Peer 1: 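This is the structure, below, for whatever I ask next.
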Amino acid sequence: ISEMKNNWEKEKPGLITDVEGRKIEERIRDKIMLLKSLEQEWQQHKLSVITKEEKIRMEEFELKRMLKEFHELCRRHAKTD
């Protein structure tokens, strides 16, 4: 019995280390999965922002074109008066 106890005490630190190591590995895997998920979410938001910026540029261009057209119309109207 005392021999079994000695063997158990010798193996116990390694066993604890293995369990702790697995727990740490699991936490690391969980953290990596979370970070990957957050990065994917960020990429989607980034794409959305880029798309909206492009739409804003197109709308600004259209507004400038309309203002120029309006300005020309006002100028021609002023010449005829």
Side-chain angles (χ1 to χ4, degrees):
I1 294 179
S2 101
E3 200 174 302
M4 289 172 61
K5 181 181 175 189
N6 288 338
N7 284 338
W8 171 253
E9 288 174 350
K10 288 178 186 175
E11 290 180 18
K12 191 174 180 182
L15 183 62
I16 291 172
T17 303
D18 288 344
V19 170
E20 288 176 359
R22 277 187 252 132
K23 285 181 181 179
I24 291 171
E25 286 177 358
E26 184 178 333
R27 288 179 33 220
I28 290 169
R29 276 193 302 272
D30 290 347
K31 189 62 68 175
I32 289 171
M33 288 175 57
L34 174 62
L35 288 171
K36 284 182 178 183
S37 173
L38 290 171
E39 184 178 5
Q40 285 178 337
E41 186 179 330
W42 176 79
Q43 288 289 344
Q44 290 171 351
H45 287 295
K46 182 179 175 184
L47 180 60
S48 176
V49 168
I50 290 170
T51 302
K52 287 180 183 185
E53 286 176 338
E54 182 62 29
K55 183 171 176 138
I56 288 170
R57 279 193 289 277
M58 291 172 58
E59 294 297 328
E60 286 175 337
F61 179 78
E62 183 67 22
L63 177 60
K64 287 177 185 177
R65 187 191 65 74
M66 292 170 69
L67 288 171
K68 184 178 178 181
E69 186 179 317
F70 180 72
H71 176 71
E72 288 294 322
L73 182 64
C74 289
R75 203 176 74 160
R76 276 188 258 139
H77 184 64
K79 283 184 180 181
T80 58
D81 285 342

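Remember, predicted model here, so these are calculated numbers, not experimental data.
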Peer 1: Taking the side chain as everything from C-beta on, heavy atoms only, tell me whether Glu26 gets closer than 4.5 Å to Arg22.
Peer 2: no
Peer 1: Rounded to the nearest 0.5 Å, how far does CZ of Phe61 lie from CZ of Arg57?
Peer 2: 13.0 Å
Peer 1: Cluster question for you: counting only ILVMFWY and a side-chain heavy-atom cut-off of under 4.5 Å, with indirect links fine, are Ile24 and Ile32 together?
Peer 2: yes
Peer 1: To the nearest 0.5 Å, tell me how far Glu59 CD sits from Lys52 NZ.
Peer 2: 13.5 Å
Peer 1: Kindly compute the distance separating CD (Glu62) from CZ (Arg65), expressed to the nearest 0.5 Å.
Peer 2: 4.0 Å
Peer 1: Using 0.5 Å steps for rounding, measure from the SG atom of Cys74 to the NZ atom of Lys79.
Peer 2: 13.0 Å
Peer 1: Check whether Thr51 reaches the backbone of Leu47 with its side chain - one donor and one acceptor, N or O, closer than 3.5 Å.
Peer 2: yes
Peer 1: Indicate yes or no: does Glu72 engage Arg75 in a salt bridge with an N to O separation below 4.0 Å.
Peer 2: yes
Peer 1: Please report the interatomic distance CZ(Arg76) to NE2(His71), rounded to the nearest 0.5 Å.
Peer 2: 11.0 Å
Peer 1: I would like to know whether Glu41 and His45 meet side-chain contact (heavy atoms from CB on, under 4.5 Å); could you show each step before the answer?
Peer 2: CA-CA 6 Å; Glu41 186 179 330; His45 287 295; 3.7 Å; yes
Peer 1: Can you measure from CG (Leu34) to CZ (Arg27) and round to the nearest 0.5 angstrom?
Peer 2: 13.5 Å
